[in-house]
Amino acid sequence: MAWIIFLIYRCYHSTKYKMNFLFFSVHWADVVAEKLIEKGNEHTLATAITPSGPIHVGNLREVITTEAIYRALKDKGAEAKLIFIADTFDPLRKVYPFLSKEYEKYVGMPISDIPCPCGKHKNYAEHFLEPFIETMDELGINAIIYRAHEIYKKGAYNETIKTALDKADEIREILNTISGRNLPSSWMPFNIKCKKCGKMNGEIYKYDYPYAYYKCKCGYEGKADLRIGGIGKLPWRVDWPARWKIFNVTFEAFGKDHAASGGSWETGREISRKVFGYSPPMPLVYEFIHLKGRGAMHGSTGLAVATDEIIKAISPEVLRFLFMKYEPYRHIEFDPGMELLDLADEYGRYERAYFGIEEGKIKEAKRVYELSQPYGIKGNAPSVISYRHLAIIAQIAKNFGEAKKIIERSGIAIRNEEKLKERYEKVIYWLKNYAPEEIKFEVKKEMPEIELSEKEKKFLILLNKKFEELDWNAEKIHSTIHETAKISGISSRKAFQCIYKIILGKKNGPRAGYFLQSLGKEFIIKRINDAINLNHKA
RNA sequence: GGGCUCGUAGCUCAGCUAGGUAGAGCAGCAGGCUCUUAACCUGUUGGCCAGGGGUUCGAAUCCCCUCGAGCCCGCCA
């Protein structure tokens, strides 16, 4: 009897296990999209960034995460809108490390009113916003872009501003209770841009719609007409829920800073319901990006890699991939050095899995790959050459054409030349700016200062004699080196090291045969002669 | 004081939602490619799943506690 019960039990569980297997791999973006669709078929997904400094890879996560859900929604036939709000109306908080002292006088002014640091953009905010918008474009992120100072100016906020001021007591109560603040009863949820100094420091001391009477920190006292847009700004904790209502936001992702208890999400949610009568959007909390070994990225501390910078060193699909493969709540250790190559090559494995070139059980490989594409999947699998390999070749070749030849010669099929060229260019930039020394080498234009032993010298003399009459191709070069090493009585290891030393000034280098071949017979023979002569003098 | 995340192979992480034989990549090691070289190919070593307790026939997985790492809020956004 007991064993029958046990069997039934087993059966039940194994069925469950199979069910499990069916639902096992659903990408996080699809999970969120499904949940949203349960609530309705029309969605507005909001994403926002304050361009008060370089917009970094950490900020990018918010946009890419939201965009993935936007795509998932559309894939499932829902109607979705993706909006990007640049908080250009925020005041400058302080003189950041990357700013000159002169900016002291602008602290407190909206960043859209402050002059551009380089002089080429319309204002301070645009200086940081523009390169980011270009990067979004490269990443295939197609959002409707709004600038907060323009939204305010157009008067889109006017109604919510009135509501907020009318219900100031309620807002104050919510902030005091939930965030544990102790706001004075005179506190009003609106900051006026001072007519005299242009800073967001005007505190309202009397509210009598449509007028607000304010006093600025600079001493100025004035009257503002609340029916005119852009005269001031709601403080963040009120601005956020107001925005949900204005844009009909149904989904928003935000960093865990907002999500902490007593944080702006909790207060915003309450304010949205009770003050604006709007049901708050579905939230999604994402974790921060850490710079490997140096902590979380912050624009204000300079500990960050700007997106328009990193996109020069890596293909957009690989950058997207970084965010697609991890669930948003995981923190990401980002290393623009060696691990960027590993990331690129991991992407390559997903790519091969997608096209069925490589067998493998990678979780959600297809979906992750799809969502990593900036502009959809075009044609066949691109070249299978790894970034790592490409990083070596790029250092041997003088230009793309030559690199292409080297790749073809090594028997790797080039399926998509355009893509290969893009990758080549990214790798060149990476090598110049992020690559660790260990992977870099440089063909020295002059004979480097090194010391050679008698044995090594003997080997080089002999080698040059053989090289002079050699048919210059990789295989022959390679076997000649080995033969010569044997005859000279040094190990092949030493022989190769010796060659690398005189060409690169380092003990190791790329596979010698093709390497020497691509450098040319004349160059090599001359360099070996130089080495022999140099050592004679010494 | 409050909140979040993480701890699984040397490194980066899957596996945990819904319990059923401990996994991958990289690195390492060994071989192959006439070659101990940073490409490529083949093979392979690595684990008391942080620790303790509980639930269960069965726990990396669920519950409780402890320890360790990191972050966030309690200024502003």
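Just so it is clear, the structure is predicted and the values come from calculations on it, not from any experiment. Each chain gets a letter, A, B and so on, in the order its sequence line appears, and its residues count up from 1.
A syn base is found at B:rG46: its glycosidic angle is within 90° of 0.
In this structure, the side chain of A:K245 engages the main chain of A:F276 through a donor-acceptor pair within 3.5 Å. A donor-acceptor contact shorter than 3.5 Å is absent between the side chain of A:W244 and the backbone of A:G268. Between the A:T484 side chain and the A:L462 main chain, no donor and acceptor come within less than 3.5 Å of each other. With A:T66 contributing its side chain and A:T47 its backbone, the two residues share no donor-acceptor pair below 3.5 Å.
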Might you list the N or O atoms of the protein lying below 3.5 Å from N or O atoms in nucleotides 75-77 of chain B, with each pair's distance?
{"unit_1": "B:rC76", "atom_1": "OP1", "unit_2": "A:R181", "atom_2": "NH1", "d": "3.0"}
{"unit_1": "B:rC76", "atom_1": "OP2", "unit_2": "A:R181", "atom_2": "NH2", "d": "2.8"}
{"unit_1": "B:rC76", "atom_1": "O2'", "unit_2": "A:R93", "atom_2": "NE", "d": "2.9"}
{"unit_1": "B:rC76", "atom_1": "O2'", "unit_2": "A:R93", "atom_2": "NH1", "d": "2.5"}
{"unit_1": "B:rC76", "atom_1": "O2'", "unit_2": "A:R93", "atom_2": "NH2", "d": "3.1"}
{"unit_1": "B:rA77", "atom_1": "OP1", "unit_2": "A:W236", "atom_2": "N", "d": "3.3"}

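Taking atom OH of A:Y347 as the reference point, atom C1' of B:rA24 lies 20 Å away to the nearest angstrom. Taking atom CD1 of residue A:I503 and atom C1' of nucleotide B:rA38, one finds them 15 Å apart after rounding to whole Å. One interatomic measurement links the two molecules: NZ of A:K256 to C1' of B:rG3, which rounds to 10 Å at whole-angstrom precision. Atom CD1 in A:I289 sits about 14 Å away from atom C1' in B:rG70, given to the nearest Å. Rounding to whole angstrom units, CZ of residue A:F321 and P of B:rG25 are separated by 14 Å. We find that CG of A:L341 is positioned 21 Å from P of B:rC11, with the value rounded to whole Å. Between the CG atom of A:L343 and the C1' atom of B:rC26 there is a distance of 13 Å, given to the nearest Å.
Atom NZ of A:K421 is surrounded by 12 or fewer heavy atoms from other residues, nucleotides or ligands within 6.0 Å.
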Given ring-ring contact (aromatic ring centres under 6.0 Å, His included), test A:Y124 with A:Y106 step by step and report yes or no.
-> CA-CA 10 Å; A:Y124 181 100; A:Y106 299 121; 8.6 Å; no
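Distance check on atom P: B:rG19 versus B:rU61 gives 12 Å, rounded to whole Å. For the C1' atom pair drawn from B:rC40 and B:rC48, the interatomic distance equals 39 Å after rounding to whole Å. When the C1' atom is used for both B:rU56 and B:rC64, the distance is 16 Å, rounded to whole Å. B:rA50 and B:rC6 have their C1' atoms separated by 11 Å, with the value rounded to a whole Å. The P atoms of B:rU12 and B:rG52 are separated by 24 Å, rounded to the nearest whole Å. Distance noted for atom C1' between B:rU44 and B:rG25: 15 Å (whole Å). For the C1' atoms, the distance linking B:rG3 with B:rA38 amounts to 46 Å, nearest Å. Comparing the C1' positions of B:rA22 and B:rG47 gives a spacing of 8 Å, expressed to the nearest Å.
A heavy-atom distance below 4.5 Å is found between the side chains of A:F459 and A:I481.
Between A:Y157 and A:Y152, the gap from one ring centroid to the other is short of 6.0 Å. Ring centroid separation for the pair A:Y354 and A:Y347 does not come in under the 6.0 Å cut-off.
Pairing analysis of RNA chain B (Watson-Crick: purine N1 to pyrimidine N3 plus N6-O4 or O6-N4; G-U wobble: N1-O2 and O6-N3; both under 3.5 Å) yields stems of 3 or more pairs at B:1-7 with B:67-73, B:10-13 with B:23-26, B:28-32 with B:40-44, B:50-54 with B:62-66.
By the 4.0 Å N-to-carboxylate-O rule, A:R320 lies too far from A:E317 to be salt-bridged with it.
Comparing B:rG3, B:rU12, B:rC71 by their nearest atom to the side chain of A:Y326 picks out B:rU12.
Remark on RNA chain B: of its neighbouring residues A:A259 and A:R330, the 5'-side contact belongs to A:A259, judged by nearest-heavy-atom nucleotide.
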